[in-house]
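Structure, as structure tokens:
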Amino acid sequence: MNIMEPLSEELQDNQYYVALLDELVEENDIELKHRLQKADTYAQFINDQAGLLMDKTIDYIKSNEVSFVLASNIVVEQWKERMFN
């Protein structure tokens, strides 16, 4: 059985994805960011999505026995396709 290394503090609180998602939303759909900011729900949206991506990344690592970086890249690309296409 493959044992995963413990997650760093940054990964445990999803900060890795929070910053990445903020950048992706800003690059791909600034209007979405502005709408959510007006409704004071942008931070909640980003945090929820970051948690979801972290869960999916961990599941992908467990299922495919790949590195965090590879799993994360795949999961983020899938998220971008769902959100912006």
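Here the structure is a predicted model, which means the values were calculated and not measured.
- The CZ atom of Arg35 sits 6.0 Å away from atom CG of Asp29, with the distance rounded to the nearest 0.5 Å.
- Within 6.0 Å of NZ on Lys56 lie no more than 12 heavy atoms contributed by other residues, nucleotides or ligands.
- Put simply, OG on Ser63 and CD1 on Ile58 are 11.5 Å apart, with the number rounded to the nearest 0.5 Å.
- Applying the salt bridge (Lys or Arg N to Asp or Glu O under 4.0 Å) test to Glu23 and every residue at least two apart in sequence or in another chain returns nothing.
- With rounding to the nearest 0.5 angstrom, the CE atom of Met83 is 9.5 Å from the CG atom of Asn28.
- Under the 4.5 Å side-chain heavy-atom criterion for Ile, Leu, Val, Met, Phe, Trp and Tyr, Tyr17 and Leu52 are members of distinct hydrophobic clusters.
- A donor atom on one side chain and an acceptor atom on the other are found under 3.5 Å apart for Asp48 and Gln44.
- Between Ile74 and Gln78 there is a side-chain heavy-atom pair separated by less than 4.5 Å.
- In this structure, Trp79 and Phe84 have perpendicular ring planes: the angle between them is above 60°, well past the 30° mark.
- With hydrophobic clusters built from ILVMFWY side chains whose heavy atoms lie under 4.5 angstrom apart, Leu53 shares a cluster with Tyr60.
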Worked verdict on Ile46 versus Gln49 for side-chain contact (heavy atoms from CB on, under 4.5 Å): CA-CA 5 Å; Ile46 293 295; Gln49 293 300 301; 5.8 Å; no
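- Put simply, the side chain of Gln37 reaches to within 4.5 Å of the side chain of His34, judged on heavy atoms.
- Residues forming a salt bridge (Lys or Arg N to Asp or Glu O under 4.0 Å) with Asp55 (at least two apart in sequence, or on another chain): none.
- Counting heavy atoms from C-beta outward, Val76 and Leu24 have side chains that approach closer than 4.5 Å.
- For the pair Asp22 (side chain) and Val18 (backbone), a donor-acceptor distance under 3.5 Å is absent.
- If you take NZ on Lys62 and OG1 on Thr57, they are separated by 12.0 Å, rounding to the nearest 0.5 Å.
- Taking CG of Leu21 as the start and CD of Glu26 as the end, the distance is 12.5 Å to the nearest 0.5 Å.
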